[in-house]
Peer 1: 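Sharing a structure here in structure tokens format.
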Amino acid sequence: MTVKTDFDAVVIGAGFAGIYALHRLRNELGLKVRAFERAGGVGGTWYWNRYPGAMSDVEGFVYRYSFDRWLIDDDVWRTRYIPQAQILAYLEAVVERHDLGKDIQLNTGVESAVYDESGHFWDVTLDDGNRCTTRYLVTALGPLSSRNIPDYPGRDLFTGRIVHTGAWPADLDITGKRVGVIGTGSTGTQFVCTAAGLAEHLTVFQRSPQYCVPSGNRPLTEEERAAYREGYDRIWEQVRASRVACGFEESDVPAMSVTEEERRRVFEEAWEQGNGFRFMFGTFGDIATDPAANEAAADFIRGKIKEIVRDPETARRLTPTDPYAKRPICNSGYYETFNRPNVTLVSLKETPIREMTAKGVVTEDGTEHDLDVLVLATGFDAVDGSYRTMDIRGRGGLDIRTHWKDGPTSYLGVATEGFPNLFMVLGPNSAFSNLPPGIETQVDWIAELIEAAEERGAAAAEATRQAEDEWTLACQISAGHTLFPKVDSWIFGANIPGKKNSVMFYFGGLGAYRARLKEVAAAGYPGVTFHGARSS
Ligand code: FAD
Ligand code: NA7
């Protein structure tokens, strides 16, 4: 039997995913929905990551929702990439425009969610001690929201400030300070480019060198803005059918099918134009899959480092030797920054951090790096990290951490066996792409699945083991076609000490992923079991 619950659906998180889930389920499906967000405001990533230089490195015209045309009509984004404050303001405006705020409870973390099998509902406990019940639970926890904070001996002795980029304090101004930054991923490199111009001195602690390409950020021309407005529907159609969903046509030309001169010309043109995804996927079709093609691209970037960085020793330390197979990143003048007199590079592979002292960081060579602020740009426990900090228990009291002990899995990135009516946005094995179009895809599919369950009068919908295993295998095969597993990164959980390396994304592209979702829905959801009967 079913019981009357406080809500039809509870959404956890109010970033891109949670905001759209609330809109879709409440405004379009007419459900009674409440969203809970731990932060003091909406925006998710763009609420938390306020470090100097924070911005999306996917171009603004596709790093946004497609369902809400407002931005294009009002024409407020005027640069190629959008800085954090503008993305945050946009998300706040979406919330206001669709009257969502009244159903978002801020400053409220969800601590646990326990499934009641006989009543087919979730019992949700909040960090203020209150509880509520809901039929559907939509987790929009963020694939990059659980911070990775390394510990160092002597950390408590440090008299300066230690901050993670993903929890940047509003009162922190690094102007004129001695700043150290650990981490040179997408975040660390963005921070370095901006912080070098603010800090008195910037010490960059690098564990792994990065392949960076220029972002090519600049104001948009009138013609470009007009083209985005006029081509709106066509642009989104192309994005949804493409692989990485970044708003450009991906190449299908093999890099080795052209002459070395032509390859160089294509790379040079992409370097001039800017953008990491364009460089990896728009130049040739096999940079991410063929070792020779990959090496050609890597070698081109290595050559650029040598050209740009004046001190040969610094250039050597900045030069990666592994394949170019992390999430592609871009920024404004990363390598150039190391020509500045106030920037020092420390290679942690050569001189690891030994300890922290009252004054700063001491490396294994005995050097004490004096700092006022230490910035941890050390990334996130990605994808399943935010699930593991919660107590989520499904049928028979099954703990999601136990369920995922061999690595996180799902059916199509949105559901997992043993957890009926729990629908994840950007759960494990979602499509590897620009994320807002992936989020819209999944939320729409979840809404349609809920509609299908309601129409059948079913009390619950749950992924089957077989379907989940098949999807897991499909994702492993798709990853195996790429070079990404050859390199340690957050994409496979390799950045977290003790975390089991596993495939956490579908690498077949957003277009193929959407086609699969469509096929499953059209076939009446094979792979989903509908349980029980809903009493009205
Ligand atoms: P989030 O925005 O992370 O929102 C999740 C929310 O859930 C958070 O606010 C969190 O506080 C809340 N939450 C989690 N657990 C709980 C709980 N138990 N109780 C209550 N609330 C909870 N992606 C791209 O595609 N392109 C980019 O250029 C890009 N740039 C990025 C730059 C940075 C610095 C970072 C960190 C990420 C970037 N990303 C980028 C990824 C980005 O996270 C996604 O694009 C998108 O913002 C994810 O939205 P989301 O709603 O799924 O998650
Ligand atoms: P990333 O890409 O995971 O980068 C984190 C960086 O921090 C990377 O250089 C890591 O080195 C370094 N790191 C992590 N842990 C340590 C420790 N313990 N010691 C020293 N250095 C460390 O996170 P970002 O925030 O930059 O980007 C995440 C995604 O957000 C990004 O792809 C975009 O989608 C936005 P490593 O390379 O692991 O050796």
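In this text, all values refer to a predicted model and were calculated from it rather than measured experimentally. Remember, it's 1-based here, ligands and their atoms both numbered in the order they're listed.
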Peer 1: Could you verify whether a donor N or O on one side chain and an acceptor N or O on the other, from Gln442 and Tyr513, lie under 3.5 Å apart?
Peer 2: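 The answer is yes; a qualifying pair exists.
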Peer 1: Is a donor from one side chain sitting under 3.5 angstrom from an acceptor on the other, for Asp68 and His98?
Peer 2: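 His98 and Asp68 do have a side-chain donor-acceptor pair below 3.5 Å.
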Peer 1: Which protein residues have a heavy atom under 4.0 Å from ligand 2?
Peer 2: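 Lining ligand 2 at under 4.0 Å, by heavy atoms, one finds Leu144, Asn148, Pro150, Tyr152, Ile182, Gly183, Thr184, Gly185, Ser186, Thr187, Arg207, Ser208, Lys326, Arg327, Leu348, Ala377, Thr378, Gly379, Phe380, Trp490.
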Peer 1: When you compare the side chains of Ser215 and Tyr81, does any donor N or O come within less than 3.5 Å of an acceptor on the partner?
Peer 2: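 No, no side-chain donor-acceptor contact under 3.5 Å.
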Peer 1: Looking only at side-chain N and O atoms, does Thr5 offer a donor or acceptor that is under 3.5 Å from a partner on Arg135?
Peer 2: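 Side chains of Arg135 and Thr5: no pair found under 3.5 Å.
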Peer 1: Need the list: ligand 1 N/O atoms against protein N/O atoms, distance under 3.5 Å, rounded to one decimal.
Peer 2:
unit_1: ligand 1; atom_1: 2 (O); unit_2: Thr45; atom_2: N; d: 2.7
unit_1: ligand 1; atom_1: 2 (O); unit_2: Thr45; atom_2: OG1; d: 3.2
unit_1: ligand 1; atom_1: 3 (O); unit_2: Thr45; atom_2: OG1; d: 3.4
unit_1: ligand 1; atom_1: 9 (O); unit_2: Glu37; atom_2: OE1; d: 2.8
unit_1: ligand 1; atom_1: 9 (O); unit_2: Glu37; atom_2: OE2; d: 3.0
unit_1: ligand 1; atom_1: 9 (O); unit_2: Trp48; atom_2: NE1; d: 3.4
unit_1: ligand 1; atom_1: 11 (O); unit_2: Glu37; atom_2: OE2; d: 2.7
unit_1: ligand 1; atom_1: 11 (O); unit_2: Trp48; atom_2: NE1; d: 3.1
unit_1: ligand 1; atom_1: 18 (N); unit_2: Arg38; atom_2: NH2; d: 3.2
unit_1: ligand 1; atom_1: 18 (N); unit_2: Val110; atom_2: O; d: 3.0
unit_1: ligand 1; atom_1: 19 (N); unit_2: Val110; atom_2: N; d: 2.9
unit_1: ligand 1; atom_1: 21 (N); unit_2: Arg38; atom_2: N; d: 3.1
unit_1: ligand 1; atom_1: 25 (O); unit_2: Asn434; atom_2: OD1; d: 3.2
unit_1: ligand 1; atom_1: 25 (O); unit_2: Leu435; atom_2: N; d: 2.8
unit_1: ligand 1; atom_1: 28 (O); unit_2: Ser56; atom_2: OG; d: 3.0
unit_1: ligand 1; atom_1: 28 (O); unit_2: Asp57; atom_2: N; d: 2.9
unit_1: ligand 1; atom_1: 28 (O); unit_2: Asp57; atom_2: OD1; d: 3.1
unit_1: ligand 1; atom_1: 28 (O); unit_2: Val58; atom_2: N; d: 3.3
unit_1: ligand 1; atom_1: 43 (O); unit_2: Thr45; atom_2: OG1; d: 2.7
unit_1: ligand 1; atom_1: 45 (O); unit_2: Tyr63; atom_2: OH; d: 2.6
unit_1: ligand 1; atom_1: 47 (O); unit_2: Tyr63; atom_2: OH; d: 3.3
unit_1: ligand 1; atom_1: 51 (O); unit_2: Phe16; atom_2: N; d: 3.1
unit_1: ligand 1; atom_1: 51 (O); unit_2: Ala17; atom_2: N; d: 2.8

Peer 1: What is the distance from atom OH of Tyr90 to atom CD1 of Ile82, rounded to the nearest 0.5 Å?
Peer 2: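 The distance works out to 10.5 Å.
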Peer 1: Decide, yes or no, whether a salt bridge links Arg401 with Asp391 under the criterion of side-chain N to carboxylate O below 4.0 Å.
Peer 2: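 Result for this pair is yes, salt bridge flagged.
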Peer 1: Please check if the side chain of Lys499 supplies one atom and the backbone of Ala382 the other of a donor-acceptor pair under 3.5 Å.
Peer 2: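 Yes; judged by distance alone, with no hydrogens or angles, the pair exists.
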Peer 1: Looking at Ile182, Val361, Ile162, which hits side chain to side chain contact (heavy atoms under 4.5 Å, CB included) with Tyr152?
Peer 2: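 Passing option: Ile182.
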Peer 1: Between Asn217 and Ser332, is there a side-chain donor-acceptor contact under 3.5 Å, judged purely by atom types and distance?
Peer 2: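 No, no side-chain donor-acceptor pair sits under 3.5 Å.
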